[in-house]
There are 2 protein chains.
Amino acid sequence: MITINDIANQVGVSISTVSRVLNHKSKKYRISSKTEEQILKAADELGYRPNELARGLRLKKTHSIGLVVPDIANPFFANVTQIIQKQAYEAGYSLIVCNTNEDISLEIEHVELLRRKGVDGYIIMPVGTLFEHIEDLVEHKKPLVLLDRNIEHIDANCVVVDNYKGAFQATSYLIENGHTRIAIIQGLRNTYTNNERVKGYLDALRKNGLEIDETLMVGKDFRKENGYIETKMLLNLENPPTAIFAFSDLITLGTLQAFLEESIKVPEDISLITFDDIDFAPYLFSPLTAVRQPRQMLGEVAVKLLIDDLKSKGRIERKKIVLDPKLITRKSVKLLTHARVDTTKINMINQY
Amino acid sequence: MITINDIANQVGVSISTVSRVLNHKSKKYRISSKTEEQILKAADELGYRPNELARGLRLKKTHSIGLVVPDIANPFFANVTQIIQKQAYEAGYSLIVCNTNEDISLEIEHVELLRRKGVDGYIIMPVGTLFEHIEDLVEHKKPLVLLDRNIEHIDANCVVVDNYKGAFQATSYLIENGHTRIAIIQGLRNTYTNNERVKGYLDALRKNGLEIDETLMVGKDFRKENGYIETKMLLNLENPPTAIFAFSDLITLGTLQAFLEESIKVPEDISLITFDDIDFAPYLFSPLTAVRQPRQMLGEVAVKLLIDDLKSKGRIERKKIVLDPKLITRKSVKLLTHARVDTTKINMINQY
DNA sequence: TTATATTGCACAAAGGTTTGTGCTAAACGC
DNA sequence: GCGTTTAGCACAAACCTTTGTGCAATATAA
């Protein structure tokens, strides 16, 4: 491994001079242009590569940021991750990616690891059930942004989408189409996203004077298996729902599998609406009506917030940013015949 | 920040003693259990967190590995990435993820960055058009595994799937179903995967005595837009194909969009087969026949190979591992009426 | 010519670890 | 009681940088 020492020896100067030249501080320290050239030449010839560990140790900066994500394989998170990676790279940062699998103890461990590695900042999509480790981060003034999921009590940068609104719109749309027995298959309980979606769902029901049936509020995590099992159960109810609102693309995947096995057709036999607008949604057997989240914006804003924080060294105040989702209507929701379509109401929903 | 120095002061011993205790070397260096306890207690109370930069500098080990991937947003790569992350974590390594966007200059930059950061090993899915930067890695004996794409001339660990076989099977399947005008929409030219797939396609045509029509061999990268544009062009041919073989899930996405716009139905109007068996494939408007790649295995083997290499310090010989893909037949291929189905041939293909 | 300013660079400390070696004091052998 | 072993730890170097300060040589001023 070539170090500045090797360069110094080759040129016959001290390592401090080499360092200054390599860091473009020749003028400031009055290094003659002759020496400068020699050093640059030697560095090139020897194939010098700065040791970022040593720099990081000295400078207390690693130019890397830690990304903590629940499930990279989930298309939604994968997309957001890609955006973040790109933005971070362009700002001069590398990404250390950690997958928590929605496991809080894994999340804690990963955050601990990232601290040991001395990352400059954190972008975290927290499980959200425990958060002392995150509080500790803000207490120590570590640049941090909470992504996709807010933690109310914590004074940290945060960018989320308005899950309440998304769920409210989706549920309202189903109601407008004559559905009264609407099931939800929830994601992980007590996460920010899930809570907000449940609230939106309930409020939409209440606003329309529909009764709330707890047996229709099922589900426990954002995974495919959850969607599959709960759908099977829902279909076996004595009085099954006429519509299902799935809280993630992966849940929808399980739901579709259950439908296939039971020969249930969407929307003829049952209506389906989903959070997360997967790329393939339009080409599914029944093109899916979905709540689309602004993935690109989510990632871009997260990185921007973090970089601002990094540059300002905490002098800048925390921001909580809420982005709007959008209901994309396709063909997976059936208009029940007894429904009176009230276009004014629909317009109201779209403007909401 | 708490250092071993702080612990040493608190307890009243030297930092070397602290270090040895914290590294479980008390016996080896005959530290009294009394001192040991005191140090452990102080470390806990002070909330000591080892500085991995300093350790890395001293030990020349960072416990992190660099992952270079063309496109994390692509479901295939996203899935592989997730597996790798998990396996790496369990082996005690963090993952620095770099997205090259199939851009060779970005790939080179990322590899350079990873070297500066001193990652212990590399898992790279190379663009493959240039590879001096990778050769340099093996020359310097850096633990490395090439994933999904091999580079023939390079003596590195490597795990790929048999793309030739996958393409051969898929093409043969189409031929068995009476198709003679089979288009391929290729991915990035001159990548290992693309080359092998083209070979498999051509060999299948030749073996069945079909003519090769260059106008049916289109496409230039693995993205959606490529699929969309090329499909539009293919549909406008004076003598359009009866089947399209798309070389990636994203290409298929574009193809489906084109089909939708042109009101083309699969498989009635045209047959479709794809590389990469996306999770949603069974539930598409026409459930997709696809070449499934063993994603889980791919990721697991890659990490295993790398870890072995890391542990053996280069004493172990390089391995090239080839995994089998699997043709999953669903309903996107139409049996052309004039075709004679030769079951013996089909069996032969499946055994291949 | 002498005093002062400037040029051009070297020295050394610091950042937090790990580890080979050496030193002191107690324990042991006889 | 003296020599030898052993226990228990400290010292200091090394890993590779960055940077404040200092010093010699040259240039400038008077």
Side-chain angles (χ1 to χ4, degrees), chain A residues 1-40 42-43 46-64 113-120 140, chain B residues 1-40 42-43 46-64 113-120 140:
Chain A
M1 179 171 199
I2 302 296
T3 73
I4 53 172
N5 224 311
D6 301 321
I7 300 179
N9 286 338
Q10 168 132 353
V11 179
V13 294
S14 77
I15 57 168
S16 49
T17 304
V18 175
S19 173
R20 294 194 238 255
V21 167
L22 261 21
N23 286 293
H24 310 106
K25 299 188 175 170
S26 307
K27 295 106 232 197
K28 182 178 174 191
Y29 289 97
R30 302 178 310 229
I31 313 292
S32 70
S33 51
K34 180 180 154 216
T35 311
E36 183 174 12
E37 275 174 31
Q38 286 179 298
I39 290 176
L40 258 17
L46 293 174
Y48 171 70
R49 206 181 328 262
N51 181 327
E52 290 295 333
L53 285 179
R55 300 191 84 213
L57 185 57
R58 178 69 227 246
L59 262 19
K60 298 193 177 302
K61 284 229 151 296
T62 56
H63 290 282
S64 55
L113 266 175
L114 290 172
R115 293 185 74 164
R116 296 183 176 192
K117 299 229 175 213
V119 295
D120 294 341
H140 285 78
Chain B
M1 179 171 200
I2 304 294
T3 74
I4 53 172
N5 225 312
D6 301 321
I7 300 179
N9 287 338
Q10 168 133 355
V11 178
V13 294
S14 77
I15 58 167
S16 47
T17 303
V18 175
S19 173
R20 294 194 235 256
V21 167
L22 261 21
N23 286 294
H24 310 106
K25 298 187 177 173
S26 307
K27 296 104 232 199
K28 182 178 173 190
Y29 288 97
R30 302 180 308 231
I31 314 291
S32 69
S33 51
K34 180 182 154 211
T35 311
E36 182 173 13
E37 276 174 31
Q38 286 179 299
I39 290 176
L40 258 16
L46 294 174
Y48 170 70
R49 207 182 325 261
N51 182 327
E52 291 295 331
L53 285 179
R55 301 191 82 213
L57 184 58
R58 177 67 228 248
L59 262 20
K60 298 192 177 304
K61 285 230 150 292
T62 55
H63 291 280
S64 56
L113 266 176
L114 290 172
R115 293 184 75 164
R116 295 183 177 193
K117 299 229 175 211
V119 295
D120 295 341
H140 285 78

Enquirer: Using only side-chain N and O atoms of A:K60, determine if any of them is under 4.0 Å from OP1 or OP2 of C:dG16.
Expert: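 So the side-chain polar atoms of A:K60 do come within 4.0 Å of the phosphate oxygens OP1 or OP2 of C:dG16, strictly under.
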Enquirer: Grab the NZ-C1' distance between B:K34 and D:dA7 for me, whole Å please.
Expert: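 Taking atom C1' of D:dA7 as the reference, NZ of B:K34 is at 14 Å.
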Enquirer: So which one's nearest nucleotide on DNA chain C is more toward 5', A:S14 or B:Y48?
Expert: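 Nearer the 5' end of the strand: A:S14.
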Enquirer: May I have the distance from A:R30 (atom CZ) to D:dT19 (atom P), rounded to whole angstrom?
Expert: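 Between P of D:dT19 and CZ of A:R30: 17 Å.
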Enquirer: Whole angstrom is fine here: how far is it from CD in A:E52 over to P in D:dC16?
Expert: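 Rounded to whole Å, this separation is 14 Å.
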Enquirer: Can you check the B:R49 CZ to C:dG16 P distance for me, whole Å?
Expert: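 Distance check: B:R49 CZ to C:dG16 P gives 14 Å.
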Enquirer: Nearest whole angstrom, please: distance from the C1' of C:dA10 to the OH of A:Y29.
Expert: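 The answer, rounded to whole Å, is 13 Å.
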Enquirer: Could you tell me which non-hydrogen atom of B:H63 sits nearest to which non-hydrogen atom of A:K117, and how far apart they are?
Expert: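 For B:H63 and A:K117, the tightest heavy-atom pair comes out as O-NZ, 3.0 Å.
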Enquirer: Base, sugar-phosphate, or nothing for B:L53, non-hydrogen atoms under 4.0 angstrom?
Expert: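 Contact class for B:L53: none.
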Enquirer: Could you tell me the separation between the CG atom of B:L57 and the P atom of C:dG15, rounded to a whole number of Å?
Expert: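 Taking atom P of C:dG15 as the reference, CG of B:L57 is at 14 Å.
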Enquirer: Hey, does A:G118 reach any base, or is it just sugar-phosphate, or nothing, if we go heavy atoms under 4.0 Å?
Expert: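 Result for A:G118 = nothing.
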Enquirer: Please give, in whole Å, the distance from C:dG8 C1' to A:Q38 CD?
Expert: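 Result: 13 Å.
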Enquirer: Name the closest nucleotide to the A:I31 side chain, picking from C:dT19, C:dC9, D:dT19.
Expert: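 Selected nucleotide: C:dC9.
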Enquirer: Restricting to non-hydrogen atoms, name the atom on B:V21 and the atom on B:E36 that form the minimum distance, rounded to 0.1 Å.
Expert: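 Shortest heavy-atom contact: CG1-CG, 3.8 Å.
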Enquirer: Contact class for A:N23 (heavy atom, under 4.0 Å): base, sugar-phosphate, or nothing?
Expert: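 Answer is sugar-phosphate: A:N23 comes under 4.0 Å of backbone atoms only.
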Enquirer: Go through the N and O atoms of the side chain of B:R20 and the base of C:dG20, and report whether any donor-acceptor pair is under 3.5 Å.
Expert: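 Looking at the base of C:dG20, it does pair with a donor or acceptor on the side chain of B:R20 (distance under 3.5 Å).
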Enquirer: Between B:N9 (CG) and D:dA10 (P), how many Å, whole number?
Expert: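 Checked: the CG to P distance equals 11 Å.
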Enquirer: Need one value for B:S32: base, sugar-phosphate or nothing, where a base atom within 4.0 Å counts as base even if backbone is also close, heavy atoms only.
Expert: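 Sugar-phosphate, no base atom in range.
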Enquirer: Between D:dC16, C:dG16, D:dC9, spot the one nearest the side chain of B:T3, thanks.
Expert: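 Among the listed nucleotides, the one closest to the side chain of B:T3 is C:dG16.
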Enquirer: Within the structure provided, determine whether B:R55 and A:R116 are in side-chain contact (heavy-atom separation under 4.5 Å).
Expert: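 A side-chain contact under 4.5 Å is absent here.
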Enquirer: Nearest heavy atom decides the nucleotide; on that basis, is A:I4 or A:K28 closer to the 5' end of DNA chain D?
Expert: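 Of the two residues, A:I4 wins.
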Enquirer: Which of the following nucleotides, C:dC9, C:dT19, C:dA12, is nearest to the side chain of A:S16?
Expert: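 From the listed options, C:dA12 comes nearest.
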Enquirer: Taking C-beta and beyond as the side chain, do A:V18 and A:V11 meet within less than 4.5 Å on heavy atoms?
Expert: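 The answer is no; the side chains never approach within 4.5 Å.
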Enquirer: Which heavy atom of A:L46 sits nearest a heavy atom of A:I2, and at what distance?
Expert: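 Between these two residues, the closest heavy atoms are O-CG1, 3.4 Å.
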